[in-house]
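These notes concern the structure reproduced below.
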Amino acid sequence: AISPDGEEIDVEISVGVPTLTEHGEWCSVASLGRLELKTYSILGIDSWQAIHLAMKFVSTCLMHFAESGWRFYWKRGGEDATPEVLAGTS
């Protein structure tokens, strides 16, 4: 990724396999890598909803970064990667 000020960073985006919590909800952990060091626990009523919401969350976050001037690529010097493609929602 290239930040609005031109800094290049390697970013690994991930959405974890849903797991059942002790409260009966399903949880998928989402991470934006070096874009934001915090991880997010996305809950759903079933495993499908948890992973779907986590993917949507990641896509929305990446769109926000792109609207703020970030540019994403598959690899350094490679082809552009849209936030929707990176999040697997297109």
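When a residue number appears, it is its place in the shown sequence, counting from 1.
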Donor-acceptor contacts, no H, no angles, side chain residues 62-69, under 3.5 Å, sequence neighbours left out:
unit_1, atom_1, unit_2, atom_2, d
Ser68, OG, His64, O, 3.0

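With sequence neighbours left out, Asp5 forms a side-chain hydrogen bond (donor to acceptor under 3.5 Å, both in side chains) with Ser3. Take Arg71 and apply the side-chain contact (heavy atoms from CB on, under 4.5 Å) test, not counting sequence neighbours, and it matches Ile2, Tyr73. With sequence neighbours left out, the side-chain contact (heavy atoms from CB on, under 4.5 Å) criterion links Leu53 to Ile42, Gln49.
Note that NZ of Lys56 and CD1 of Ile51 are 15.0 Å apart. Values are rounded to the nearest 0.5 Å.
Among all heavy-atom pairs drawn from Leu35 and Trp70, the shortest one is CD2-CZ3, 3.6 Å. Considering all non-hydrogen atoms of both residues, Ser41 and Cys27 come closest at CB-SG, 3.6 Å.
Residues Val29 and Ile13 do not share a hydrophobic cluster, clusters being chains of Ile/Leu/Val/Met/Phe/Trp/Tyr side chains in contact below 4.5 Å.
Leu43 belongs to no hydrophobic cluster with other residues, because no ILVMFWY side-chain heavy atom falls under 4.5 Å from its own, directly or through intermediates.
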Output, in order, the C-alpha distance, side-chain angles, deciding distance and verdict of side-chain contact (heavy atoms from CB on, under 4.5 Å) for Leu32 and Val58. CA-CA 7 Å; Leu32 300 171; Val58 166; 4.1 Å; yes

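For residues 8-28, the set of pairs meeting the side-chain hydrogen bond (donor to acceptor under 3.5 Å, both in side chains) definition, not counting sequence neighbours, comprises Glu8-Arg76, Asp10-Arg76.
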